[in-house]
Visitor: 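Handing you a structure now.
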Amino acid sequence: MRRRASLLSTLAATALLLTACGTERGGAGYSVAPASVPPSRTQVDNPGEDGVRITSLTLPSASPAPTRSTSVSADSLTTDSGIVASFEVTNEGTETLTYSVTVTFMSSDGGAMANQTATVRDVGPGKTARGTVRAGQLPPSAPRVTQAKVLKVTKVPADETPSEPGACPTSGIRVSADKGDAAMGLRVVGLHLDNCGTRNYTVEGYPLLELLDSDLKTVHDIKILHGSSEITTAAGPDEKPRPVTLKPGESATASLVWRNTTESGTPVNVPYVRVRAKAGAAPVTVTPGLDLGTTGKLGVKPWAKTDTA
């Protein structure tokens with residue numbers, strides 16, 4: 001009986017020794033828990049913004065602390081965070097709208113960890129649509145995300161929504177706006193005109209603009225200037241408008257130029273601009289967010305063919 005007990009003790013010690021050795025590769029590293037931990041889903045009740053509210057937040061459960069055994073490559077750690085915010089959009093207006101919803105993911109102290117945007121198209125009057133937005137990849141050292149809220153909402157008429165990248169409207173002409181540049185109170189946003197169709201397209205002069213407020217109503221009392229010299233010389237000289245013919249695949253640009261100087265009076269913010277490439281062209285509503293201050297003016301430069309060299 002003693003020999004049997006001694007043999008069992010020896011086998012147990014050997015098993016423990018083998019377990020402790022691990023499988024080192026090129027030095028000590030950290031192992032990832034082999035079993036996945038199911039994520040937690042939290043219901044969110046908040047007032048939202050402009051018809052959009054967060055309904056739930058899905059958070060991955062905390063994994064067990066890593067153990068010192070096997071090495072893990074950096075690529076294996078570069079993954080999506082698994083954090084997902086669900087939201088719903090209710091169109092309280094009278095026309096079909098396309099919404100752009102920006103959600104900010106935050107830590108417990110309210111610090112922003114990531115901002116992500118989702119588009120919800122063709123929401124009819126009185127209708128509610130649902131969507132999700134992912135936080136994406138977060139730095140390994142980032143605090144744990146515990147909450148999310150709607151940061152910004154823009155909405156444009158569905159039939160005036162800029163085409164998605166790579167898509168071409170039936171007109172064969174794609175109009176869009178970039179995110180622009182800002183420095184020392186000066187703002188410049190580019191308007192882009194792409195001939196994605198099969199025929200030549202000619203424009204001459206300036207884009208036709210209509211400024212719209214948050215309710216998509218026309219903003220009056222803002223002077224739209226041809227050129228930018230009355231606003232700044234930093235945007236380059238004012239060029240004389242010329243006919244611009246775009247072959248299929250070619251593009252042109254124009255610019256919106258303004259200052260956000262605020263002096264006496266009430267500052268004016270214009271979230272939307274309805275753009276027509278020329279008279280008779282279909283309108284496209286873009287969202288440059290014009291913070292015009294109290295200047296009362298906006299400069300627009302003429303269409304010019306994009307240099308492809």
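Hydrogens, waters and symmetry mates play no part in the numbers below; they use all other heavy atoms, side chains included.
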Visitor: Search all heavy atoms of Ser163 against all heavy atoms of Pro169 and return the closest pair with its distance.
Guide: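 Smallest interatomic distance, heavy atoms only, reads OG-CD, 3.3 Å.
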Visitor: Compute whether any side-chain donor of one residue and acceptor of the other, for Ser108 and Thr146, lie under 3.5 angstrom apart.
Guide: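 No, Thr146 and Ser108 have no side-chain donor paired with an acceptor closer than 3.5 Å.
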Visitor: Should we say atom CG of Asp109 is surrounded by more than 12 heavy atoms from elsewhere, each under 6.0 Å from it?
Guide: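 Yes, the 6.0 Å shell around CG holds more than 12 heavy atoms from other groups.
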Visitor: For residues Val103 and Ile54, determine if any side-chain heavy atom of one lies less than 4.5 Å from a side-chain heavy atom of the other.
Guide: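 Yes. Closest side-chain heavy atoms under 4.5 Å.
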Visitor: With hydrophobic residues grouped by side-chain heavy-atom distances under 4.5 Å, do Leu225 and Leu191 end up in a single group?
Guide: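 Each belongs to a different hydrophobic cluster.
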Visitor: Give a yes or no on whether the backbone of Ile173 and the side-chain of Asn195 come within a donor-acceptor separation of less than 3.5 Å.
Guide: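 Not at all, since once roles are kept as given, no pair shorter than 3.5 Å links the two residues.
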Visitor: Kindly give the heavy-atom pair with the smallest separation between Tyr206 and Glu239, and that separation in Å.
Guide: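 That would be OH-O, 4.4 Å.
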Visitor: Apply side-chain contact (heavy atoms from CB on, under 4.5 Å) to the pair Arg53 and Val150, showing each step before the final yes or no.
Guide: CA-CA 7 Å; Arg53 69 183 187 94; Val150 177; 5.5 Å; no
Visitor: Show your reasoning for whether side-chain contact (heavy atoms from CB on, under 4.5 Å) applies to Arg187 and Asn260.
Guide: CA-CA 8 Å; Arg187 311 282 195 257; Asn260 73 333; 2.8 Å; yes
Visitor: Start with the C-alpha distance between Thr295 and Ile231, add both sets of side-chain angles, then the distance that settles side-chain contact (heavy atoms from CB on, under 4.5 Å), and finish with yes or no.
Guide: CA-CA 9 Å; Thr295 62; Ile231 298 172; over 6 Å; no
Visitor: Distance-only, no hydrogens or angles: does the Glu204 side chain make a donor-acceptor pair with backbone N or O of Val244 under 3.5 Å?
Guide: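 No; judged by distance alone, with no hydrogens or angles, the pair does not exist.
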Visitor: By the definition side-chain contact (heavy atoms from CB on, under 4.5 Å), identify the one residue from Val273, Asp213, Asn269, Leu292 that meets it with Val219.
Guide: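 Of Val273, Asp213, Asn269, Leu292, side-chain contact (heavy atoms from CB on, under 4.5 Å) with Val219 is met by Asp213 alone.
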Visitor: Is a donor on one side and an acceptor on the other found under 3.5 Å between the side chain of Lys301 and the backbone of Pro237?
Guide: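 Yes.
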Visitor: Does any non-hydrogen side-chain atom of Val52 lie less than 4.5 Å from one of Tyr99?
Guide: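 Answer yes - side chains close enough.
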Visitor: When rounded to the nearest 0.5 angstrom, what distance separates CD in Glu210 from NZ in Lys217?
Guide: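 If I round to the nearest 0.5 Å, the distance is 11.0 Å.
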Visitor: Check whether any side-chain heavy atom of Val257 sits under 4.5 Å from a side-chain heavy atom of Leu186, and report yes or no.
Guide: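 Yes; the side chains approach each other to less than 4.5 Å.
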Visitor: Could you list the residues that satisfy ring-ring contact (aromatic ring centres under 6.0 Å, His included) with Tyr201, not counting sequence neighbours?
Guide: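 Tyr201 satisfies ring-ring contact (aromatic ring centres under 6.0 Å, His included) with no residue once adjacent residues are dropped.
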Visitor: Under 3.5 Å, is there a donor-acceptor pair linking the side chains of Asn115 and Thr104?
Guide: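 Indeed, the side chains of Asn115 and Thr104 share at least one donor-acceptor pair under 3.5 Å.
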Visitor: What heavy-atom pair brings Gly197 and Pro248 nearest, and what distance separates the two atoms?
Guide: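 The pair with the smallest heavy-atom distance is O-CB, 3.3 Å.
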Visitor: Keeping the roles fixed (side chain from Thr132, backbone from Ser86), state whether a donor-acceptor pair exists under 3.5 Å.
Guide: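 Absent.
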Visitor: Side chains of Ser229 and Asp238: any donor to acceptor distance under 3.5 Å?
Guide: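 On atom types as modelled, these side chains qualify, holding a pair under 3.5 Å.
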Visitor: Can you hop from Val275 to Val156 via hydrophobic side chains spaced under 4.5 Å?
Guide: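 In one cluster with Val275: Val156, no.
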Visitor: Where do Leu290 and Leu298 land on the side-chain contact (heavy atoms from CB on, under 4.5 Å) test, with the steps shown first?
Guide: CA-CA 9 Å; Leu290 308 179; Leu298 170 70; 3.8 Å; yes
Visitor: Quick one: does Val300's side chain get under 4.5 Å of Pro207's, heavy atoms only?
Guide: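 Yes, side chains in contact.
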Visitor: Supply the atom-to-atom distance Thr154 OG1 to Asp50 CG, rounded to the nearest 0.5 angstrom.
Guide: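 CG of Asp50 is found 9.0 Å from OG1 of Thr154.
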Visitor: Would a distance-only check, ignoring hydrogens and angles, find a side-chain to backbone donor-acceptor pair under 3.5 Å from Trp258 to Gly296?
Guide: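 Side chain of Trp258 to backbone of Gly296, a donor-acceptor pair under 3.5 Å: no, none is there.
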Visitor: Is the closest side-chain donor-acceptor distance between Asn200 and Thr245 under 3.5 Å?
Guide: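 Side-chain D/A pair, Asn200 to Thr245: absent.
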Visitor: Walk me through whether Arg121 and Glu164 qualify under salt bridge (Lys or Arg N to Asp or Glu O under 4.0 Å).
Guide: CA-CA 11 Å; Arg121 294 180 176 270; Glu164 294 181 352; 2.9 Å; yes
Visitor: Within the supplied structure, the quantity of interest is the number of heavy atoms (other residues, nucleotides, ligands) at a distance under 6.0 Å from Lys305 NZ; does it exceed 12?
Guide: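 Atom NZ in Lys305 is crowded, with more than 12 foreign heavy atoms closer than 6.0 Å.
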Visitor: Does the pair Arg274 and Glu160 meet the rule for a salt bridge (Lys or Arg N to Asp or Glu O under 4.0 Å), with working shown?
Guide: CA-CA 8 Å; Arg274 179 173 285 136; Glu160 298 180 10; 2.8 Å; yes
Visitor: Can Met106 be reached from Ile83 by stepping across I, L, V, M, F, W or Y side chains whose heavy atoms are under 4.5 Å apart?
Guide: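 No, it is not one cluster - the side chains of Ile83 and Met106 are not joined through contacts under 4.5 Å.
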Visitor: Does a side chain donor of either Thr98 or Thr161 reach within less than 3.5 Å of an acceptor in the other side chain?
Guide: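 The answer is yes; a qualifying pair exists.
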Visitor: Give me the atom names and distance for the closest heavy-atom approach of Leu216 to Pro157.
Guide: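 Residues Leu216 and Pro157, closest heavy atoms: CD1-CD, 3.9 Å.
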Visitor: Within a strict 4.5 Å, meaning less than it, do heavy atoms of the Pro162 and Val286 side chains meet?
Guide: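 Contact flag for Pro162/Val286 side chains = yes.
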Visitor: Do Val89 and Val84 sit in one hydrophobic cluster, given that two such residues count as connected whenever their side-chain heavy atoms are within less than 4.5 Å of each other, even indirectly?
Guide: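 Each belongs to a different hydrophobic cluster.
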Visitor: Measuring from atom CZ of Arg259 to atom NZ of Lys297, what distance do you get when rounded to the nearest 0.5 angstrom?
Guide: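 It is 9.5 Å, given to the nearest 0.5 Å.
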Visitor: What heavy-atom pair brings Asn91 and Leu97 nearest, and what distance separates the two atoms?
Guide: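 The answer is OD1-CD1, 3.6 Å.
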Visitor: Can Leu246 be reached from Leu208 by stepping across I, L, V, M, F, W or Y side chains whose heavy atoms are under 4.5 Å apart?
Guide: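 No.
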Visitor: Are any non-hydrogen side-chain atoms of Tyr272 and Leu211 less than 4.5 angstrom apart?
Guide: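 Of all side-chain heavy-atom pairs linking Leu211 with Tyr272, none is under 4.5 Å.
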Visitor: With His192, which residues qualify under ring-ring contact (aromatic ring centres under 6.0 Å, His included), at least two apart?
Guide: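 Per chain and number, His192 pairs via ring-ring contact (aromatic ring centres under 6.0 Å, His included) with no residue.
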Visitor: Using modelled atom types and a 3.5 Å cut-off, is there a donor and acceptor pairing between side-chain atoms of Thr294 and backbone atoms of Pro267?
Guide: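 It does not hold such a pair.
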Visitor: Are any non-hydrogen side-chain atoms of Gln137 and Asp80 less than 4.5 angstrom apart?
Guide: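 With C-beta onward as the side chain, the pair stays apart.
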Visitor: Which residue, Asp307, Asp194, Thr306, forms the side-chain hydrogen bond (donor to acceptor under 3.5 Å, both in side chains) with Ser251?
Guide: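 Exactly one pass, corresponding to Asp194.
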Visitor: Are any side-chain N or O atoms of Glu88 and backbone N or O atoms of Arg130, one a donor and one an acceptor, separated by less than 3.5 Å?
Guide: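 The answer is no, because no donor-acceptor pair under 3.5 Å joins these two groups.
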Visitor: Quick one: does any side-chain atom of Lys278 pair with a main-chain N or O of Thr202 as donor and acceptor, under 3.5 Å?
Guide: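 Between the backbone of Thr202 and the side chain of Lys278 there is a qualifying donor-acceptor contact (under 3.5 Å).
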Visitor: To check you understand the geometry: which heavy-atom pair defines the closest contact between Trp303 and Ala277, and what is its length?
Guide: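 Nearest heavy atoms, Trp303 then Ala277: NE1-O, 3.0 Å.
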